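Down below is the structure, laid out as structure tokens.
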Amino acid sequence: MPRPVVAAAIVDSLSDPTMLLACSRAYPQELRGQFELPGGKIEEGEDPTAALTREIAEELGARLTIGERVCPEGGQWWPILGGRVMGVWLAEVASNSQEPRAGASHLEAKWVPLADLAALPWIAADLPIVEAVVTRATR
Ligand SMILES: Nc1nc2c([nH]c(=O)n2[C@H]2C[C@H](O)[C@@H](COP(=O)(O)OP(=O)(O)OP(=O)(O)O)O2)c(=O)[nH]1
């Protein structure tokens with residue numbers, strides 16, 4: 001089984017979310033320009049939310065306050081590309097953090113109103129995940 005992935009649905013405010021930080025991948029070529037939730041693979045023996053904190057620091061130079069996990073029906077892990085599974089957490093930028101910025105992993109990291117997210121070219125596997133994030137954030 002390939003390593004699981006963890007990703008952050010970073011919203012402008014956990015208590016009153018209106019926008020999400022959508023990130024477009026720089027690589028590999030076949031995913032270049034497609035949007036994703038930023039994150040990455042869990043390392044051997046690593047706690048999933050520790051992995052998420054590490055990945056967001058590496059990729060976006062930001063610290064997170066992690067909120068609720070967003071799960072698919074009947075489980076905790078979403079099926080994604082390459083036979084992997086992905087754990088997703090709502091999060092906001094911590095008060096002591098720099099603003100998240102696209103580094104080498106992303107072409108772009110931009111705040112998008114929740115109502116406009118569906119129009120972005122997401123990695124296909126992310127579409128139901130983003131829908132669940134929006135449902136959770138707007139309930
Ligand atoms: N980060 C992320 N990966 C996703 C999403 N949807 C999806 O299918 N994937 C896939 C793409 C990749 O095959 C895999 C994650 O790999 P990654 O390249 O982000 O992981 P990483 O940062 O640990 O990368 P690396 O050091 O191995 O290059 O999961 C998503 O929303 N976010």
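Quick caveat, the model's predicted, so the values are computed rather than measured. Every number for a ligand or one of its atoms is a count from 1 in the order of the listing. Counting from 1, the numbers follow the sequence of the chain as shown.
The closest protein non-hydrogen atom to atom 31 (O) of ligand 1 is Asp126 OD2, 2.4 Å. Residue, atom and distance of the protein heavy atom nearest to atom 4 (C) of ligand 1 are Glu36 OE1, 3.9 Å. Distance from atom 13 (O) of ligand 1 to its nearest protein heavy atom, with residue and atom name: Arg84 NE, 4.3 Å. Nearest protein heavy-atom neighbour of atom 29 (O) of ligand 1: Ile80 CD1, 3.3 Å. Nearest protein heavy-atom contact of atom 24 (O) of ligand 1 is Lys41 NZ, 3.6 Å. Scanning the protein heavy atoms around atom 32 (N) of ligand 1, the nearest turns out to be Leu37 O, 2.6 Å. The nearest protein atom to atom 15 (C) of ligand 1, hydrogens excluded, is given as Val5 CG2, 3.8 Å; this is a heavy-atom distance.
For ligand 1, the atoms sitting less than 4.0 Å from at least one non-hydrogen atom of Met86 are 5 (C), 30 (C), 31 (O), 32 (N), numbered in the order shown with element in parentheses. Applying the 4.0 Å criterion to heavy atoms of Glu59 picks out, from ligand 1, the atoms 22 (O). Here is the list of ligand 1 atoms found below 4.0 Å of a heavy atom in Glu55: 22 (O), 23 (O). Annotation for ligand 1: atoms under 4.0 Å from non-hydrogen atoms of Leu81 are 8 (O).
Contacts of Glu58 with ligand 1, taken as heavy-atom pairs under 4.0 Å, are absent altogether.
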Might you work through the side chain to side chain contact (heavy atoms under 4.5 Å, CB included) test for Arg32 and Leu107, ending with a clear yes or no? CA-CA 8 Å; Arg32 187 175 169 86; Leu107 299 177; 3.5 Å; yes

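Proximity of a side-chain donor or acceptor of Asp12 to a complementary backbone N or O of Thr18 within less than 3.5 Å is detected.
Linking Ile, Leu, Val, Met, Phe, Trp and Tyr residues whenever their side-chain heavy atoms come within less than 4.5 Å places Trp89 and Leu60 in a single cluster.
Judged by a 6.0 Å distance limit and a 45° cone about the ring axis, Arg69 is positioned over the six-membered ring of Trp77.
One distance of note links CD of Glu92 with CG of Leu21; it measures 13.0 Å at 0.5 Å rounding.
Ligand 1 lies nowhere less than 4.0 angstrom from a heavy atom belonging to Gly82. Proximity of Arg25 to ligand 1 is established by a heavy-atom distance of less than 4.0 Å.
Here the closest heavy-atom approach between residue Pro121 and residue Gly33 is recorded as CG-O, 4.2 Å. Shortest non-hydrogen contact noted between Ala51 and Glu46 is CB-OE1, 3.2 Å.
Salt-bridge check for Glu99 with Arg63: failed, with every basic side-chain N at 4.0 Å or more from each acidic carboxylate O.
Protein heavy atoms are absent from the 4.0 Å sphere centred on atom 26 (O) of ligand 1.
For Gln98, the CD atom is loosely surrounded, since the number of other residues' heavy atoms within 6.0 Å does not exceed 12.
Applying side-chain contact (heavy atoms from CB on, under 4.5 Å) to Ile10 and the options Leu20, Leu37, Val93 leaves one that passes, Val93.
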